[in-house]
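Just below is one structure, and these are the notes that go with it.
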Amino acid sequence: MKIVIMLIIMLLNGCGGGGGGSTAASPATPAASSESIYDLVIAAENSLEAVYTLTLDIDVSALSTQKSVVSICDDSSSQGEYREINYQTCLFQASFHDGEKALQLRIPNHVQQLIAVIWFLDGNQEPVVAQRVNNEVYGSHWSISY
C-alpha cells in the first residue's frame, strides 16, 4: 500500500500540479482599431471595380494574312522577353485569320504591364511583341499594327 501511495505522489508531482507562478508571457491582445469602414475616403471617380476594360485592335496584315495566335499576358515578370512568359497563365489567347482581330478584354486592376505576342503559324515570320503599361484610364484602347 505504501508503494501505491508513493507512486500516486510521484505522478502528481511529475504532472506539474498546476498553480500560478507561470513565467511564460501571455500573448498581448491586439488593440481595437477606432477606425471603421465609414472612415474610408473614396474619390468620386473611383468605381471600386476590380477590373478595367481594354479594347484591343490588332492589324498585322502587312506581315501575314495566314492563321495567327495572339497571347495577352501579364508582363510584370517577363519584362518584355516573350521567351520568359509562362503562357499557361496568360489573360487571353485566341487564334485569328486575315491578320486582323478586334476584341474587348477585362483586365484585373493589379495587372499594370501587358505584353502581346502574336505568333504566325505559317512559320515564315518571327513573332510580333508589343508592350503596354496600364495608364489607369478605364475603357482604354490599345492598337497593335504592323
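Worth knowing before you read on, the calculation uses all heavy atoms, side chains too, and leaves out hydrogens, waters and symmetry mates.
Here side-chain hydrogen bond (donor to acceptor under 3.5 Å, both in side chains) pairs that include residues 89-104, with residues two or more places apart or in two chains, are Thr55-Gln104, Ser71-Gln93.
In this structure, the side chains of Ile144 and Trp142 come closer than 4.5 Å at one or more pairs of heavy atoms. A 4.5 Å side-chain heavy-atom check between Ile107 and Val51 finds every atom pair outside the cut-off. The shortest distance between side-chain heavy atoms of Ile42 and Leu48 falls below 4.5 Å. Within the 4.5 Å cutoff, the side chain of Leu91 has heavy atoms near those of the Leu114 side chain. Taking 4.5 Å as the limit, some side-chain heavy atom of Tyr87 sits within range of a side-chain heavy atom of Val117.
Atom SG of Cys73 is separated from atom CD1 of Ile85 by 4.5 Å, given to the nearest 0.5 angstrom.
Of the residues listed (Ile72, Leu54, Ile115), the one engaging Arg132 in a side chain to side chain contact (heavy atoms under 4.5 Å, CB included) is Leu54, and it is the only one.
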Could you list the donor-acceptor pairs under 3.5 angstrom formed by side chains in residues 56-66, with sequence neighbours left out?
| residue | atom | partner | partner atom | Å |
| --- | --- | --- | --- | --- |
| Asp57 | OD2 | His141 | NE2 | 2.5 |
| Asp59 | OD1 | Ser61 | N | 3.1 |
| Asp59 | OD1 | Ser61 | OG | 2.7 |
| Ser64 | OG | Gln66 | N | 3.1 |
| Ser64 | OG | Asp122 | OD2 | 3.3 |

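Closest non-hydrogen pair, Asp75 versus Gln131, comes out as OD2-NE2, 2.7 Å. Across Val128 and Tyr146, no two heavy atoms sit closer than the pair CG1-CE1, 2.9 Å. Scanning all heavy atoms of the two residues, the minimum distance from Trp119 to Tyr82 falls at CH2-CE1, 3.5 Å.
Linking Ile, Leu, Val, Met, Phe, Trp and Tyr whenever their side-chain heavy atoms come within less than 4.5 Å puts Phe96 and Phe120 in one cluster. Connection of Leu105 to Tyr52 is established within a shared hydrophobic cluster, with ILVMFWY side chains joined at heavy-atom distances below 4.5 Å, either directly or through further cluster members.
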